[in-house]
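Worksheet for the structure shown next.
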Amino acid sequence: MRVEIWSDIACPWCYIGKARFEKGLAEFAHRDDIEVVHRSFELDPNRPKGDVGPVIPMLAKKYGRTLDEARGMEEHVASNARAEGLGYLTEGRDHGNTFDIHRLLHLAKARGRQDTLLDLAYRANFAEERSVFDAEVLVELAVEAGLDADEVRAVLADESAYADEVRADEAEAAALGANAVPFFVVDRKYGISGGQPAEVFTQALEQAWQEHRPVLATLGSTPAEGEVCGPDGCAVPGA
């Protein structure tokens, strides 16, 4: 059985949701029979490639908040991440266009290293002061994941490399009605939106495995609600 996960490296709830999904999967009796595929979704596809800036001012501008309020928003997300055992820096991170990262994730998929590269990119972006919007950092991460440096540089230099695969993922997300991430599709039958608790994922996997009516929303319906990030920003408690 296959689980497809649409996400963006810039989305904190995708980072948290992946950890929660993996905890839920670990509790599923048939976990060794699950194939997990990560698919591309850009939160800010129209952002120019060279437009990279710090996260806190970006959040303040997007939500019309003060810098202190934006820091408070980041602290809330950080507390959720740390509760899952994840590192999370609320200062010193940057934000930019993620298209190149998605292209490299498709290269990694072709080489059987997709999940490893995704974990490294999440950690670099959220827990370390390593900009995933720097080409050399991306090369370093890809090599850490087991990819060939020359091949990675060739992909980054050719903007058409794996571009069709990224666009196909995004078109499919739109066709499924996914306008925010993370978005999980279980066995092409059931959709789960947001960074749900681990037990929700376990229950969904069990329901899908048994081919019963899901306890979560089905594709084509309004998905079960959880914290997500969309083109207009990430979930903000109390907003």
Side-chain angles (χ1 to χ4, degrees), residues 5-24 36 38-45 47 51-63 65 67 69-105 108 113-145 180-184 193-198 201 226-237:
I5 308 173
W6 274 263
S7 60
D8 192 0
I9 197 66
C11 165
W13 292 112
C14 295
Y15 176 47
I16 295 166
K18 183 177 188 295
R20 290 175 176 173
F21 168 76
E22 288 172 351
K23 288 180 180 178
V36 179
H38 297 282
R39 299 205 179 277
S40 302
F41 189 104
E42 294 174 273
L43 290 172
D44 198 358
R47 187 177 184 127
D51 183 10
V52 178
V55 166
I56 296 296
M58 179 276 293
L59 291 173
K61 182 178 180 180
K62 180 181 287 289
Y63 294 110
R65 304 294 182 90
L67 291 176
E69 287 172 335
R71 291 187 184 96
M73 292 160 54
E74 276 289 272
E75 286 293 344
H76 169 78
V77 179
S79 67
N80 278 267
R82 292 163 187 158
E84 302 302 329
L86 301 172
Y88 197 99
L89 296 174
T90 57
E91 299 278 357
R93 289 176 32 235
D94 54 15
H95 183 76
N97 183 291
T98 57
F99 190 62
D100 281 349
I101 304 169
H102 286 296
R103 294 195 300 116
L104 285 185
L105 285 167
R113 308 301 296 168
Q114 186 186 48
D115 192 72
T116 301
L117 179 57
L118 183 59
D119 279 340
L120 289 169
Y122 274 141
R123 188 177 70 192
N125 188 46
F126 291 106
E128 302 170 346
E129 292 186 1
R130 299 172 73 187
S131 176
V132 294
F133 309 103
D134 181 298
E136 283 307 307
V137 171
L138 286 180
V139 173
E140 291 171 5
L141 293 171
V143 170
E144 286 179 49
V181 286
F183 186 70
F184 303 77
S193 179
Q196 301 279 351
F201 291 113
E227 291 93 341
V228 299
C229 294
D232 294 328
C234 299
V236 182

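All residue numbers refer to positions in the sequence shown, counting from 1. Keep in mind the model is a prediction, meaning the values are calculated, not measured.
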**Message:** Tyr88: which residues meet the ring pair (Phe, Tyr, Trp, His ring centres under 6.0 Å) condition with it, sequence neighbours left out?
**Reply:**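 By the ring pair (Phe, Tyr, Trp, His ring centres under 6.0 Å) rule, Tyr88 matches Phe126.
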**Residues forming a ring pair (Phe, Tyr, Trp, His ring centres under 6.0 Å) with Tyr122, sequence neighbours excluded** =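 With neighbours one apart ignored, the set is Tyr15.
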Min side-chain heavy-atom separation [X]-[Y] under 4.5 Å:
| X | Y | answer |
| --- | --- | --- |
| Cys229 | Cys14 | no |
| Val139 | Val143 | yes |
| Arg39 | Val181 | no |
| Asp119 | Lys18 | yes |
| Glu22 | Asp115 | yes |
| Glu74 | Ile56 | yes |

Within the distance-only criterion (no hydrogens, no angle test), does the side chain of [X] pair as donor or acceptor with the backbone N or O of [Y] below 3.5 angstrom?
| X | Y | answer |
| --- | --- | --- |
| Arg20 | Gly195 | yes |
| Arg113 | Ala145 | yes |
| Glu144 | Leu120 | no |

**Request:** Using the salt bridge (charged side-chain N to carboxylate O under 4.0 Å, His left out) rule, take Lys23 and Glu84 through it: C-alpha gap first, then chi angles, then the decisive distance, then the call.
**Result:** CA-CA 9 Å; Lys23 288 180 180 178; Glu84 302 302 329; 2.8 Å; yes
Can you measure from [atom1] ([X]) to [atom2] ([Y]) and round to the nearest 0.5 angstrom?
| X | Y | atom1 | atom2 | answer |
| --- | --- | --- | --- | --- |
| Leu105 | Asp8 | CG | CG | 10.0 Å |
| Ile9 | Leu138 | CD1 | CG | 9.5 Å |
| Met73 | Thr90 | CE | OG1 | 12.5 Å |
| Met58 | Asp51 | CE | CG | 10.5 Å |
| Leu67 | Leu59 | CG | CG | 10.0 Å |
| Glu42 | Thr98 | CD | OG1 | 5.0 Å |

**Criterion side-chain contact (heavy atoms from CB on, under 4.5 Å) on Val77 and Trp13, from CA distance to verdict** = CA-CA 8 Å; Val77 179; Trp13 292 112; 4.2 Å; yes
Return the minimal non-hydrogen interatomic distance between [X] and [Y], and the atom names on each side.
| X | Y | answer |
| --- | --- | --- |
| Pro182 | Cys11 | CD-SG, 4.3 Å |
| His102 | Ser7 | CE1-O, 3.3 Å |
| Asn97 | Pro45 | ND2-O, 3.7 Å |
| Val55 | Asp94 | CG2-O, 3.5 Å |
| His76 | Asn80 | O-ND2, 3.0 Å |

**Asked** Using the benzene-type ring in the case of Trp, are the ring centres of Phe21 and Phe184 under 6.0 Å apart?
**Response**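 Ring centres of Phe184 and Phe21 closer than 6.0 Å.
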**Item:** Under the side chain to side chain donor-acceptor pair (under 3.5 Å) test, residues paired with Thr116 that sit two or more places apart
**Value:**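 Side chain to side chain donor-acceptor pair (under 3.5 Å) list for Thr116, sorted by chain: empty.
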